[in-house]
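Written out below as structure tokens is the structure these notes cover.
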2 protein chains.
Amino acid sequence: MNLTKKAHEILNGALASSGLRSTRQREHVFGVLLAQRDHPTADEVYVRAKVEMPSISLATVYNCLETMVECDLVRQVNFEREPSRFCPNLAEHAHFYDETSGRVFDIDLPNEFFGKLKSILPPQYEANSIELSFRGKKPGH
Amino acid sequence: MNLTKKAHEILNGALASSGLRSTRQREHVFGVLLAQRDHPTADEVYVRAKVEMPSISLATVYNCLETMVECDLVRQVNFEREPSRFCPNLAEHAHFYDETSGRVFDIDLPNEFFGKLKSILPPQYEANSIELSFRGKKPGH
DNA sequence: CTAGGTGCAAAAGGTTTGCGGTTAA
DNA sequence: TTAACCGCAAACCTTTTGCACCTAG
């Protein structure tokens, strides 16, 4: 669960530029997210984080995740009747919720796609984030 | 809060074709949604519904809303850290969450837009619903 | 008549908060 | 050194559930 040097720099840079500290818990939670990019819930992150850091608490996991969402290091993804999921993929992308397995998949977007989506907004509307999500079946599993 | 004849037929038709009953509470909740299309939360629907039907319970409001969502009469819309909101607009459209006021606005889409969105999915992925939502500021209020 | 729906209250589930102790800078 | 952060447990808020009563078909 150790961060690569690059991930370490990204995390600390983002924290520092928000005036926040780097802590063992924040680094570890970030590492957990990077290690397995399957859109875990906060509770799943907690379970994984405890493997190498048994003393970490659920509240701290929530706090770390919230901090990272606010630093734009992590995206929080919501589906109906589901707890929030967390995604360290910073590239513009959409999500697909597979109703069969309950799993969430990243969907890559054509270049500048979010920019095109923004163009459907009426004048005066200024979007600073866009969420595009599909729900359905992904056959073949 | 009385339903128009047309709304009445739409509701009863949808219920009937799902093998469900028409009840006073379901009609009333549907009427509340149609009367003020501002994406109320379940609790807001409850407050409004009680004005003319003081005996209705919150659990029943939740049940009615869930029923209508399952009959495709109502869309359930979710934003981060917000309770679900309910929307009787059946046309394909997107949503805009105004961070200043906390209000949600419908965004009309160009023709066949959802169809175009579906085309970005990889083969094998079959979407049966799409959610496109923006979050940002809507100046001028 | 009776399956399905309602109202109530209690429980569940996810998330946040308050507080005393700990730690990064 | 000290403001920020952590761990814990309790609180919070939205949503669901169980059960006795009611009602639409």
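Numbered from 1 within each chain, the chains take letters A, B, ... in sequence-line order. Quick caveat: nothing in here was measured; it's all calculated off a predicted structure.
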Checklist entry - Taking OP1 and OP2 of D:dG7, is either one under 4.0 Å from a side-chain nitrogen or oxygen of A:Q25? => result yes
Next on the checklist: Can you confirm whether the side chains of A:S101 and A:D98 place a donor and an acceptor under 3.5 Å from each other?
Outcome noted: yes
Next on the checklist: Under 4.0 Å, heavy atom to any atom of DNA chain C: which of residues 54-63 of chain B qualify?
Outcome noted: B:S55, B:I56, B:S57, B:A59, B:T60
Item to check | 5' precedence on DNA chain D between A:L20 and B:Q76 (nearest-nucleotide basis) | outcome: A:L20
Checklist entry - Under 4.0 angstrom, heavy atoms only, what part of the nucleic acid is B:T41 near: base, sugar-phosphate, or nothing? => result nothing
Next on the checklist: Salt bridge or not between B:K137 and B:E99? Use side-chain N to carboxylate O under 4.0 Å.
Outcome noted: yes
Checklist entry - With the sugar-phosphate defined as primed atoms, P, OP1 and OP2, and the base as all remaining atoms, what B/S/- string results for nucleotides 19-25 of chain D, 5' to 3', for protein heavy atoms under 4.0 Å? => result ----BBS
Item to check | Side chain of B:S84 (C-beta onward), nearest among C:dG5, D:dC5, D:dT15 | outcome: D:dT15
Next on the checklist: Any donor-acceptor pair under 3.5 Å linking the side-chain atoms of B:E52 with those of B:H28?
Outcome noted: no
Item to check | side-chain N/O B:R81 vs C:dT16 OP1/OP2, d < 4.0 Å | outcome: yes
Checklist entry - Between B:C64 and A:E82, who's closer to the 5' end of DNA chain C by nearest nucleotide? => result B:C64
Checklist entry - Ring centres of A:F96 and A:F105 under 6.0 Å apart? => result no
Checklist entry - Does the side chain of A:S22 come under 3.5 Å of the side chain of A:E27 through a donor N or O and an acceptor N or O? => result yes
Item to check | Any side-chain donor near an acceptor of the partner, B:E82 and B:Y97, under 3.5 Å | outcome: yes
Next on the checklist: Between P on C:dT15 and CG on A:L65, what's the gap in Å once rounded to a whole number?
Outcome noted: 10 Å
Checklist entry - To the nearest Å, how far apart are A:E27 CD and D:dC6 C1'? => result 15 Å
Next on the checklist: From CG of A:D43 over to P of C:dT16, roughly how many Å is that when rounded to an integer?
Outcome noted: 14 Å
Item to check | Steps toward side chain to side chain donor-acceptor pair (under 3.5 Å) verdict (A:E80, B:S84) | outcome: CA-CA 8 Å; A:E80 264 175 41; B:S84 288; over 6 Å; no
Checklist entry - Side chains of B:N78 and A:N78: donor-acceptor distance under 3.5 Å anywhere? => result no
Checklist entry - What integer distance in Å separates A:E66:CD from D:dC6:C1'? => result 15 Å
Next on the checklist: Tell me the interatomic distance from B:H28, atom NE2, to C:dT6, atom P, rounded to whole angstroms.
Outcome noted: 13 Å
Item to check | Derivation of the side-chain contact (heavy atoms from CB on, under 4.5 Å) call for A:T41 and A:Y46 | outcome: CA-CA 9 Å; A:T41 63; A:Y46 174 54; over 6 Å; no
Checklist outcome for this item: Separation of D:dT15 atom P from B:E44 atom CD, nearest Å, is 11 Å
